[in-house]
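Structure record follows, encoded as C-alpha cells.
Residue numbers begin at 1 in each chain, while the letters A, B, ... track the order of the sequences. Bear in mind the structure is a predicted one, so any value in this text is a computation, not a measurement.
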Amino acid sequence: MPELPEVETTRRGIAPHCENRTITQVTVRDGRLRWPVPGNLAELLEGAVIHTVDRRAKYLLIGVSSATVAGSLIVHLGMSGSLRVITDQSEPLLHDHVELALDNGIRLRFNDPRRFGCWLWSETPDQHPLIASLGPEPLAPEFTGRMLYRLSRGKKTPVKSFIMDNHVVVGVGNIYANEALFKAGIHPRRAAGRISLDRYNRLVNAIRETLSAAILMGGTTLRDFVNSDGKPGYFAQSLLVYGRSGEFCPECGHPLKEIRMNQRSTVYCSKCQR
DNA sequence: AGGGCCACCTGCGAGC
DNA sequence: TGCTCGCAGGTGGCCC
C-alpha cells in the first residue's frame, strides 16, 4: 500500500503527537511481522522519550532515548500497514498488532493485515543493514539526471525496474514509477542504459513533481490507505495512468496499455512513451 | 556480478 | 450463494 508519499503523510500526522512524549506502555498483540518484533521492546521503550520522528526511504525512524537506552524504532508499513493516532478509548480491532501508549493519553496504533511491515530496534539505525545501502532520497538535491545517467550506462535492465531499485533511488514504488514515466514520455521497458541525459533530467523532474504533488494531497488511497487520522489520501483522482488501463491517454487520446513487469501492473501510452 | 523471480500474508472482487 | 482464482501499494533473498 504505502509508497513514499503515504509514509511521509503518516510521519507528518504522527510527529506532533509523539515528539517529546514519554512512552508509558508498549503492547505487542502479534509480533509475527516480516521479522519478529523484538521480545524486549516493552522493556526497552517503556519510560523512554520519543525525540524525533524521521523518514528514510519508506522507513519511519522513531528516535527514542532514556537514561539507559538510545536508538530508533525502524518501522515499515509494508503493503498494508497503517499507523493511527488514537485519542479515544476505542478497542483494538483485528490486525492491530502493535501499540504505543504515550503520557499525553494518545496511543499510536499499528494495523497491518498482511504483516509485511516491520518494527525493529537499532541503536545505530544509519548503520542498520536495511538502511545503510539505500540510494538517495528522490526529493534531495543529490538525486539528479546526471546521477541516473551515469549509474545506468551499460545496463540493459528496463528503466522502470531501474528507478524502482532502492540502491539507485529510494521511494519510487509501482504507482509513482508508472506515473513518472508517463510524465517523462519514457517507455517503461526501455533499457536504462539507452536513455539520454536530457531524458533522465526530465525523468527526475517527473519523479519529484509526482511525489511532491502526492504528498501535498495526503497520498494515494486505492483501497485502504488511511492517514494517521484514519482519513484517506486524495491523490488517486490525480493518477494519470495507474489503474487506467483501457482508458484514453490524457495527452493523445490513444487507449492506455497494460503489461506486467516483474509481476507488477505497468500502464503506459504506446504513442506518448518511447 | 547482475538481473529476475519467488515468497511472505490477508482480503477482496470477478467469474463461474 | 458460495467457491476458487488472481491480484494488491514492498522488498529481502535465492537462483540462474
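- Within 6.0 Å of atom CZ in Arg194(A), 12 or fewer heavy atoms from other residues, nucleotides or ligands are found, so the atom counts as exposed in its surroundings.
- Annotation: dC14(C) and dC9(B) have their P atoms spaced 16 Å apart (nearest Å).
- Checked against dA8(C), dG11(B), dC5(B), the side chain of Met79(A) finds its nearest nucleotide in dA8(C).
- Counting only N and O atoms by type, the side chains of Glu258(A) and Ser265(A) include a donor and acceptor under 3.5 Å apart.
- Of the listed residues (Lys58(A), Arg56(A), Arg55(A)), just one forms a salt bridge (charged side-chain N to carboxylate O under 4.0 Å, His left out) with Glu8(A), and that residue is Arg55(A).
- Of the candidate nucleotides dC5(B), dT10(B), dA8(C), dA8(C) has the atom nearest to the side chain of Tyr242(A).
- Closest approach to the Asn262(A) side chain among dG11(B), dG10(C), dC5(B) is made by dC5(B) (side chain taken as heavy atoms from C-beta onward).
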query = Which dot-bracket string fits DNA chain B when only Watson-Crick or G-U wobble pairs with both atom distances under 3.5 Å count, crossing pairs get [ ], and | stands for a partner on a different strand?
reply = .|||||||.|||||||

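- One can place CG of Asp165(A) at 14 Å from C1' of dG13(C), the figure rounded to the nearest angstrom.
- Below the 3.5 angstrom threshold, one finds no donor paired with an acceptor across the side chain of Arg114(A) and the base of dG9(C).
- Among the nucleotides dA8(C), dG9(C), dC9(B), the one closest to any side-chain atom of Phe116(A) is dC9(B).
- Here the P atom of nucleotide dA8(C) and the CD1 atom of Ile175(A) are 11 Å apart, to the nearest Å.
- If you check the side chains of Lys160(A) and Thr266(A), you find a donor sitting under 3.5 Å from an acceptor.
- At whole-Å resolution of the value, CG in Asp30(A) and C1' in dC9(B) are 11 Å apart.
- Met164(A) places its CE atom 18 Å from the C1' atom of dG2(B), with the value rounded to the nearest Å.
- In terms of phosphate contacts, His76(A) brings a side-chain nitrogen or oxygen within less than 4.0 Å of OP1 or OP2 of dT11(C).
- dG13(B) and dG10(C): their C1' atoms are spaced 22 Å apart (whole Å).
- The distance from the CZ atom of Arg264(A) to the CE atom of Met164(A) is 6.0 Å, given to the nearest 0.5 Å.
- For Glu43(A), the CD atom sits in a loose shell: 12 or fewer heavy atoms of surrounding residues, nucleotides or ligands are nearer than 6.0 Å.
- The residue Leu94(A) sits close only to the backbone: its heavy atoms come under 4.0 Å of sugar-phosphate atoms, none of a base.
- No donor-acceptor contact under 3.5 angstrom links the side chains of Thr144(A) and Tyr200(A), judged on distance only.
- One atom, CG of Asp112(A), and another, P of dT10(B), lie 11 Å apart when rounded to the nearest Å.
- Near DNA chain B, meaning a heavy atom under 4.0 Å from it, residues 142-162 of chain A has Lys155(A), Thr157(A) in order of number.
- Atom OH in Tyr59(A) sits about 8 Å away from atom C1' in dG12(C), given to the nearest Å.
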Verdict with reasoning, Ser80(A) to Asp112(A), per side-chain hydrogen bond (donor to acceptor under 3.5 Å, both in side chains) = CA-CA 5 Å; Ser80(A) 59; Asp112(A) 185 7; 2.6 Å; yes

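- The distance from atom CG of Leu130(A) to atom C1' of dG13(C) is 12 Å, rounded to the nearest whole Å.
- Put simply, His95(A) has a side-chain N or O that comes within less than 4.0 Å of OP1 or OP2 on dG11(B).
- Between the CD1 atom of Ile74(A) and the P atom of dT11(C) there is a distance of 14 Å, given to the nearest Å.
- Relative to the side chain of Arg260(A), the nucleotides dG12(C), dT11(C), dC7(C) differ in distance, and dC7(C) lies closest.
- Asp88(A) and Ser90(A) share a donor-acceptor pair across their side chains, judged by distance under 3.5 Å alone.
- Taking for each of Arg115(A) and Gln263(A) the nucleotide of DNA chain B with the nearest heavy atom, the 5'-most of the two is the partner of Gln263(A).
- Residue-level contact check: Tyr176(A) touches neither bases nor backbone, having no heavy atom under 4.0 Å from any strand.
- Of the candidate nucleotides dG9(C), dG10(C), dG12(C), dG10(C) has the atom nearest to the side chain of Lys58(A).
- When the P atom is used for both dC6(B) and dG6(C), the distance is 14 Å, rounded to whole Å.
- In summary, the aromatic rings of Phe248(A) and His254(A) are positioned with their centroids too far apart to meet the 6.0 Å limit.
- Side-chain contact between Glu46(A) and Thr24(A): absent, with no pair of heavy atoms (C-beta onward) separated by less than 4.5 Å.
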